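Every value quoted in this text rests on a predicted model; they were computed, and no experiment measured them. Note: hydrogens, waters and symmetry copies are ignored here, and every other heavy atom, side chains too, is used.
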Amino acid sequence: MPQVAVKDIENKDAGTLSLPEELFGLTGSEALMHQAVVAYLANQRQGTHATKNRALITGGGRKPYRQKGTGRARAGSVRSPLWNGGATTFGPQPRDYRMAMPRKARRKALYAALSSRLAEGSVLVVEGIPMEKPRTKRMLEILKTLDLTAGSLLLVLRDLDAAVALSARNIPWVTLMLAGDLHAYDVLSHDRLLLTREALEALEQKGAEAEEEG
């Protein structure tokens with residue numbers, strides 16, 4: 001059964017946790033993780049790009065010059081795609097890029113991503129991050145003590161803590177998320193993963209509920 005060390009904000013040992021095999025022990029799911037990342041990125045696209053084809057562009061109703069006798073190529077409209085200021089041929093039009101992925105597949109991709117990060121030694125669990133009031137300087141001190149200042153960091157909480165969120169939002173390499181909102185892309189796009197003990201418990205509870213639902 002996978003295990004992870006628990007630290008306090010002073011980087012002192014606070015015990016060891018045994019993790020569920022189905023959440024942190026998955027292997028061989030690289031293709032599923034790739035599919036989840038591709039679907040996530042595709043679903044972020046707005047698809048509002050557009051160009052004007054000959055049906056949408058105005059003007060050009062009159063033939064610019066006579067058919068014969070000028071020595072020039074035949075032309076029927078100044079809005080031809082061949083002309084400067086003319087229409088666009090086969091240009092992009094608004095479309096929906098959304099890719100559907102079954103909920104079970106998304107969940108398994110998340111667990112595979114968590115397993116991958118744990119196997120790399122990139123997951124750290126802390127007892128909690130007590131912050132009486134928002135202080136970015138204090139948050140930086142905590143991260144430095146935990147040796148989490150190199151590379152991007154995903155900080156995962158169980159519930160939104162305004163003091164922690166405001167303290168972390170101005171640190172460029174830190175992203176804060178709630179355990180219930182995690183996606184495989186979020187885990188894989190960050191170098192390190194910092195979870196509070198409560199956030200880890202929330203993930204385990206959510207996984208157990210999903211198993212019961214089938």
Side-chain angles (χ1 to χ4, degrees), residues 26-117 119-120 122 136 149-157 160 165-166 168-194 203 206 210 213-214:
L26 290 181
T27 58
S29 299
E30 289 78 7
L32 188 61
M33 288 189 287
H34 177 267
Q35 182 183 354
V37 170
V38 170
Y40 178 89
L41 293 175
N43 294 342
Q44 304 309 302
R45 301 185 68 175
Q46 294 187 8
T48 54
H49 43 45
T51 54
K52 289 187 176 182
N53 55 29
R54 293 192 61 163
L56 298 174
I57 202 163
T58 58
R62 179 176 63 85
K63 189 174 175 65
Y65 48 81
R66 67 179 190 237
Q67 181 82 348
K68 294 178 178 294
T70 64
R72 302 181 65 183
R74 293 171 292 183
S77 171
V78 295
R79 294 299 182 240
S80 165
L82 303 178
W83 285 52
N84 185 25
T88 300
T89 305
F90 303 128
Q93 293 296 315
R95 55 165 292 190
D96 184 7
Y97 285 94
R98 181 161 296 278
M99 295 176 60
M101 190 172 180
R103 183 173 58 179
K104 289 184 179 179
R106 293 198 307 268
R107 190 185 302 138
K108 186 174 180 181
L110 170 60
Y111 299 159
L114 292 171
S115 302
S116 173
R117 283 289 179 255
E120 296 170 359
S122 301
T136 302
T149 56
S152 56
L153 174 69
L154 181 62
L155 172 57
V156 184
L157 305 178
L160 183 61
L166 292 173
R169 71 176 181 178
N170 287 331
I171 305 176
W173 69 87
V174 176
T175 303
L176 186 143
M177 293 194 70
L178 301 183
D181 299 333
L182 272 185
H183 188 277
Y185 173 83
D186 304 311
V187 177
L188 295 172
S189 61
H190 291 80
D191 298 319
R192 307 287 294 277
L193 197 60
L194 176 62
L203 282 174
K206 187 176 179 181
E213 292 176 3

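Taking CG of L153 as the reference point, atom OG of S122 lies at 10.5 Å (rounded to 0.5 Å). Here the OG atom belonging to S80 is positioned 12.5 Å from the CZ atom belonging to R74, to the nearest 0.5 angstrom. If you take CD on Q35 and CD on E30, they are separated by 13.5 Å, rounding to the nearest 0.5 Å. Separating the CZ atom in R54 from the OG1 atom in T89 is a distance of 8.5 Å, to the nearest 0.5 Å. Between the OG1 atom of T48 and the CG atom of D96 there is a distance of 11.5 Å, given to the nearest 0.5 Å. Atoms CG and CE, on L26 and M33 in that order, are 9.0 Å from each other to the nearest 0.5 Å.
Contact between V174 and A168 at its shortest, heavy atoms only, is CG1-CB, 4.1 Å. Across every non-hydrogen atom of T136 and I171, the tightest pair is CG2-CG1, 3.9 Å. For Y65 against A73, the heavy-atom pair with the smallest separation is OH-O, 2.6 Å. Nearest heavy atoms, V38 versus M99: CG1-SD, 3.9 Å. Residues W83 and V78 come closest through the heavy atom pair CB-O, 3.5 Å. Closest heavy-atom contact between T88 and G91: CG2-CA, 3.8 Å.
A105 meets the side chain to side chain contact (heavy atoms under 4.5 Å, CB included) test with L32, M101, P102; sequence neighbours excluded. With sequence neighbours left out, the side chain to side chain donor-acceptor pair (under 3.5 Å) criterion links Y97 to R45, H49.
R169 is not listed as a side-chain neighbour of L176, based on a closest heavy-atom distance of 4.5 Å or more. Contact check for T51 versus Q93: side-chain heavy atoms found under the 4.5 Å cut-off.
A donor-acceptor contact shorter than 3.5 Å links the side chain of K63 to the backbone of A75. Remark: side-chain polar atoms of N53 are not paired, donor with acceptor, to backbone N or O of A87 under 3.5 angstrom. At least one donor-acceptor pair under 3.5 Å links the side chain of S115 to the backbone N or O of Y111. The closest donor-acceptor contact from the side chain of T175 to the backbone of L154 lies at 3.5 Å or more, if one exists at all. No donor-acceptor pair under 3.5 Å is formed between the side chain of R106 and the backbone N or O of H183.
The environment of Q46 atom CD is sparse: at most 12 non-hydrogen atoms of other residues, nucleotides or ligands sit within 6.0 angstrom.
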Fill in: Test side-chain contact (heavy atoms from CB on, under 4.5 Å) applied to D181 and D186, step by step
CA-CA 9 Å; D181 299 333; D186 304 311; over 6 Å; no
